[in-house]
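Worksheet for the structure shown next.
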Amino acid sequence: MLNRLEMLRIFCCAAETRNFREAAQQLGISPQAVTRAIQQLESQLGELLFHRNTRQCRVTRSGERLAAQARLSVEGIDSLFRQAEDSATQPVEGHVRLTAPEAIGQASLVHSLARLRQQHPGLRFELHLEDDETNVVDEQIDIGIRHGLIRDSRFVARQVAEVRFFMVASPALLQQTGSPQSLAELQAQPVVSTIDQRTGRPWPWFFRQDAQWIPREPALLGNSTQAECAAALAGLGFAQLPGFIAIPHLRQGTLCEVLPALAPMPWALSVYRPQRSPVPPRMRAVYDWLVRDFSNPDFFPASP
C-alpha cells in the first residue's frame with residue numbers, strides 16, 4: 001500500500017502525461033505500479049479519475065479538479081525537502097544561544113566565537129553566562145559548556161578537557177600569614193568563597209579522597225567565582241578556584257598555590273547540546289568548533 005503523498009505524486013504525473021506508460025518512465029517505476037496507485041487513489045476518494053481503454057486515457061472532470069489541487073500540495077511538500085537539501089550548500093548563518101560559566105564565557109568562549117564568526121559572518125550569538133547550571137529548556141539553549149557532571153543523559157556531551165582546582169592566596173597575604181602546611185592551618189586562615197544558590201551556603205572546598213569542607217565564616221562571600229578571585233587578589237583571604245580562573249594569575253605570580261598535594265581530582269569540562277537530532281548546520285558548526293578549540297591545551301590550558 002502506497003502512502004497518500006506518493007499516490008498523489010504518481011497521479012499528478014499521469015494526469016499531466018495522460019499516459020500511464022510515459023508516467024512510469026518519468027517516475028522510474030513500472031506501468032503496473034502506476035495503475036495500482038491510480039486504482040488505490042480512486043478507491044480511497046470514491047471517484048473515477050481516468051476514462052481509460054486499450055486505445056486512450058483521458059482525465060475525468062473529478063480528476064482535473066484533483067490534479068489542480070494536488071499539484072500545489074505536492075510541489076509545496078517537495079519544496080520543503082529541497083530547502084533542507086539545499087541548506088548543506090548554503091552559508092552557515094543564524095542565531096545560536098549558548099551558556100557557560102561566567103569566567104569561561106567572558107574570556108575563552110568569546111575569543112573562540114569571534115574567530116568562528118570571521119569564517120561565518122552570518123552567525124549571531126546570544127550568551128547566558130552563570131556559574132550555576134542553566135535551565136536549558138527555559139532559556140532555549142542550543143549549546144553549553146560546563147565543568148563537572150552533566151546530569152541529563154539525554155544531552156549530547158563531549159568531554160574536551162579537565163579542570164583542576166587550586167587553593168591560592170595573594171603574595172601579600174602569604175607574607176602576613178605564612179604558607180599553611182596542613183588543612184587545619186589553612187582552615188584557621190581567612191578565606192573567601194562563592195555562594196551556592198541552591199543551598200544559600202558557601203560552595204564546599206574539595207580535597208583528595210572526596211573530602212569536603214564548607215567555610216563557616218568567609219571574609220567575603222560573593223555570587224560568582226570572578227568576585228571570589230578578585231577578593232583573593234586583593235588579599236582578603238585564601239580561595240579555591242578552578243583552573244580556568246586561577247591559571248592566568250598563577251602564571252603572572254599575582255596568586256600563589258598552597259597545599260597542592262591536597263588538591264582534588266580534576267573535573268571534566270564538556271561541550272554539550274540538549275538537541276540530539278536533527279542538528280541545523282549553524283549549531284553543528286558552532287558545536288564542532290568549540291569541541292576543537294577547548295580540546296586544544298594551547299587554547300584552554302589545564303596547568304600553570
Side-chain angles (χ1 to χ4, degrees), residues 87 92-165 194-199 203-204 206 222-229 240-248 264-302:
S87 65
V92 176
E93 58 187 7
H95 185 261
V96 180
R97 298 166 67 96
L98 302 101
T99 185
E102 185 177 357
I104 292 179
Q106 290 183 2
S108 303
L109 179 56
V110 167
H111 292 311
S112 179
L113 295 177
R115 289 173 28 251
L116 175 59
R117 198 170 186 275
Q118 290 178 354
Q119 295 188 18
H120 303 290
L123 285 173
R124 304 185 308 279
F125 307 112
E126 182 177 334
L127 301 186
H128 293 249
L129 304 180
E130 50 190 331
D131 292 337
D132 289 326
E133 287 190 52
T134 304
N135 188 320
V136 297
V137 175
D138 289 348
E139 302 292 345
Q140 300 180 22
I141 295 300
D142 298 315
I143 296 172
I145 297 175
R146 183 61 52 188
H147 64 295
L149 181 66
I150 302 293
R151 292 184 172 85
D152 198 323
S153 60
R154 295 170 297 178
F155 292 176
V156 176
R158 180 83 65 85
Q159 180 176 339
V160 292
E162 289 186 334
V163 175
R164 293 171 57 188
F165 285 82
T194 302
I195 191 169
D196 183 348
Q197 299 294 340
R198 296 170 298 180
T199 64
W203 268 101
F206 299 94
N223 65 350
S224 76
T225 49
Q226 293 282 52
E228 182 181 355
C229 179
Q240 186 177 60
L241 299 173
F244 51 82
I245 294 180
I247 287 173
M265 295 298 293
W267 288 12
L269 182 82
S270 301
V271 178
Y272 69 91
R273 65 175 192 267
Q275 181 177 344
R276 285 190 171 271
S277 61
V279 182
R282 67 184 185 280
M283 288 170 52
R284 171 64 66 185
V286 176
Y287 183 84
D288 290 346
W289 178 271
L290 294 181
V291 167
R292 285 193 297 269
D293 258 5
F294 282 87
S295 297
N296 181 359
D298 293 332
F299 176 81
F300 189 81

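Computed from heavy atoms alone, side chains included, the values below leave out hydrogens, waters and symmetry copies.
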| said: In terms of relative ring orientation, are His147 and Phe165 parallel, tilted or perpendicular, with 30° and 60° separating the classes? | reply: tilted
Sub-4.5 Å side-chain heavy-atom contact between [X] and [Y]:
X      : Y      : result
Gln197 : Asn223 : yes
Val286 : Phe125 : yes
Val279 : Val156 : no

| request: Starting from the C-alpha separation in whole Å, work towards a yes-or-no answer on side-chain contact (heavy atoms from CB on, under 4.5 Å) for Leu127 and Gln106. | output: CA-CA 9 Å; Leu127 301 186; Gln106 290 183 2; over 6 Å; no
| message | Between Gln240 (side chain only) and Phe206 (backbone N and O only), is there a donor and an acceptor less than 3.5 Å apart? | response | yes
| query | Could you walk me through whether Arg282 and Arg124 pass the side-chain contact (heavy atoms from CB on, under 4.5 Å) check? | reply | CA-CA 10 Å; Arg282 67 184 185 280; Arg124 304 185 308 279; over 6 Å; no
| said: If you apply the rule side-chain contact (heavy atoms from CB on, under 4.5 Å), what do you find for Thr225 with Glu102, and how did you get there? | reply: CA-CA 8 Å; Thr225 49; Glu102 185 177 357; 5.7 Å; no
For residues 113-123, dump all side-chain donor-acceptor pairs below 3.5 Å to protein atoms at least two apart in sequence or in another chain.
from: Arg115; atom 1: NH1; to: Asp293; atom 2: OD2; distance (Å): 2.7
from: Arg115; atom 1: NH2; to: Asp293; atom 2: OD1; distance (Å): 3.1
from: Arg117; atom 1: NE; to: Leu123; atom 2: O; distance (Å): 2.7
from: Arg117; atom 1: NH2; to: Pro121; atom 2: O; distance (Å): 3.1

| Restricting to pairs with a member in residues 278-302, which pass ring pair (Phe, Tyr, Trp, His ring centres under 6.0 Å), not counting sequence neighbours? | Phe294-Phe299, Phe294-Phe300
| task | Could you grab the distance from atom CD1 of Ile195 to atom OG of Ser224, nearest 0.5 Å is fine? | result |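 One gets 11.5 Å once the value is rounded to the nearest 0.5 Å.
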| field | Atom pair CD/CG of Glu228 and Leu241 - distance to nearest 0.5 Å | value |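 Rounded to the nearest 0.5 Å, the CD-CG separation comes to 5.0 Å.
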| task | For side-chain contact (heavy atoms from CB on, under 4.5 Å), just list the numbers for Ile145 and Val160, CA-CA rounded to whole Å, side-chain angles, deciding distance to a tenth of an Å, and then say yes or no. | result | CA-CA 10 Å; Ile145 297 175; Val160 292; over 6 Å; no
| request: Inspect the surroundings of CZ in Arg158 and state if more than 12 heavy atoms from other residues, nucleotides or ligands are less than 6.0 Å away. | output: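 No.
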| field | Exercise: identify the closest heavy-atom pair between Ala103 and Ile245 | value |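 Reported closest heavy-atom pair: CB-CG1, 3.4 Å.
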